[in-house]
Amino acid sequence: MSLNNTPSAERVHIAFFGQRNAGKSSLLNAVTNQKIAIVSDVAGTTTDPVFKAMELLPLGAVMMVDTAGIDDTATELGSMRVQKTLRVLNKTDIAVLVTDAQKGMGEYENNLVAKFESKKIPYIIAYNKSDLQKVTVQADNEIAVSAKTGENIHALRELIARQAGTLHNDRQIVSHLLNRNDKVVLVVPIDESAPKGRLILPQVQTIRELLDHEMIPVVTRDTTLKETLSALAEKPAMVITDSQAFARVSRDTPEDILLTSFSILFANYKGNLHTVVKGVSAIDRLQNGDTVLISEGCTHHRQCNDIGTVKLPKLLQKYTGKSLQFQWTSGTEFEEDLTKYRLVIHCGGCMLNEREMKYRLQCAEDQGVPITNYGTAIAYMNGILRRSLAPFPSIRQMLAE
């Protein structure tokens, strides 16, 4: 997958924070050598966060983020901008705190540092406008720079790269569970909710990873799985299905072939499979009138038989026999107060980076609200979750506890 085609969720998110007129936008433009953000002497020029996918040497594919001034609290609109800035923290892999060298660190900057540390975000303090005020840095993650003259801009890039080196970028979706030359059948339903002329991101990423590791992906529809398995000279090492076809695919896949779903694989890939498996049994405790939040990380156009708004609610009502209430969120909309819900069911999170997905799960855990995901919930309600977790024996053991 080329750098230009690297999904946003797979890019290192580097966000610039600070007060208005500290030079956040100017410094971001200098670091990237591009005019990503609008620069003006007028305080508060940056309103909503600005996201720019690009290549930044020596890091590679990154997502650069410019944010509104953290001190813009005098008006209701300004306070809303600050809230949007703080939400960016939930997806930030590396934070660059830009402070005016003439003013130094103050209350706003110290509060941001406390937030970085509480969320365990690697951060850099960049004292901008060093051409106007000389600064003696006190720590390895501090640097004096000038967006105007270019002083230490290259050194700042190198410092960002060193911080990125502390991140774990060796995650794999499925190849670590298989061997070279293994055949893997990927089941892709084609119905009214399938995007025209393309595959969805989890399918594309999984196929590419299999090819990169010299494995043999075989793609078929749920309606032709039986014929596909019969046509193979030897049985595949694994069948991976879209969650919507879980029940049918389970019936058509012999028990001696590993079976799982893209959703379960991505939960493990993003480090939250343990949490979503632990939360799924809450389905059995739902009562009449309980509200379930169904949340998606993307904002796709919903079709008439959409999985989140139609199929999952129908399956939940049928399985529980209860009259349930449902609410939905999508994209960046994820409520901080989840206490009114008895269960949260999240999508696989392919459009969210690992940090934001973990943040959402942690929000639910901190508030004592069970959370699971689409594939885990569907497998559970179809009585095949234990089988679907066979590739992850330690997680599967949880079902017996």
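The figures that follow rest on heavy atoms only: side chains count, while hydrogens, waters and symmetry mates do not. On a predicted model such as this, the values are computed, not experimentally measured, just so you know.
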* **Among D252, D242, L259, L225, the one residue meeting side chain to side chain contact (heavy atoms under 4.5 Å, CB included) with V187** =>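 The passing option is L225.
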* **side-chain contact (heavy atoms from CB on, under 4.5 Å) evaluation trace for T92 with V65** => CA-CA 9 Å; T92 298; V65 189; over 6 Å; no
* So, E356 and H13: side-chain donor and acceptor under 3.5 Å apart, yes or no? ->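 No pair is found: no donor N or O on one side chain lies under 3.5 Å from an acceptor on the other.
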Spacing of [X] atom [atom1] and [Y] atom [atom2] [to the nearest 0.5 Å]:
X	Y	atom1	atom2	answer
L273	N373	CG	CG	8.0 Å
D72	Y108	CG	OH	9.0 Å
T372	H346	OG1	NE2	11.5 Å

Under 3.5 Å: donor-acceptor pair, side chain of [X], backbone of [Y]:
X	Y	answer
T99	G104	yes
S146	T149	yes
D71	R20	yes
S230	K226	yes
R342	Q287	no
T260	I240	no
D93	R355	no
R396	R386	yes
E109	G106	yes
Q367	L338	yes

* To do: Give the C-alpha distance, both sets of side-chain angles, the deciding distance and a yes or no for salt bridge (Lys or Arg N to Asp or Glu O under 4.0 Å) between E158 and R162.
  => CA-CA 6 Å; E158 295 294 329; R162 287 200 296 275; 5.3 Å; no
Taking C-beta and beyond as the side chain, do [X] and [Y] meet within less than 4.5 Å on heavy atoms?
X	Y	value
Y269	C350	no
L178	L210	yes
Y341	Q327	yes

Please determine whether the number of non-hydrogen atoms from other residues, nucleotides or ligands lying under 6.0 Å from atom [atom1] of [X] exceeds 12.
X	atom1	answer
D284	CG	yes
E336	CD	no
K119	NZ	yes

* Quick check, are the ring centers of F17 and F116 under 6.0 angstrom apart? ->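 That pair passes the under 6.0 Å test.
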* Pair D290-K322, salt bridge (Lys or Arg N to Asp or Glu O under 4.0 Å): steps then yes or no -> CA-CA 9 Å; D290 283 349; K322 306 296 183 182; over 6 Å; no
* To do: Considering only NZ, NE, NH1 and NH2 on the basic side and carboxylate oxygens on the acidic side, decide whether R171 and E10 come within less than 4.0 Å.
  =>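 Yes, charged N to carboxylate O under 4.0 Å.
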* Go through L352 and R360 one step at a time and tell me if the side-chain contact (heavy atoms from CB on, under 4.5 Å) criterion holds. => CA-CA 10 Å; L352 304 176; R360 294 186 177 196; 3.6 Å; yes
* To do: Specify whether F392 and H176 have parallel, tilted or perpendicular ring planes, treating 30° as the upper limit for parallel and 60° as the lower limit for perpendicular.
  =>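 F392 and H176: tilted rings.
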* T376 and I345: side-chain contact (heavy atoms from CB on, under 4.5 Å), yes or no, with the steps? -> CA-CA 9 Å; T376 306; I345 304 181; over 6 Å; no
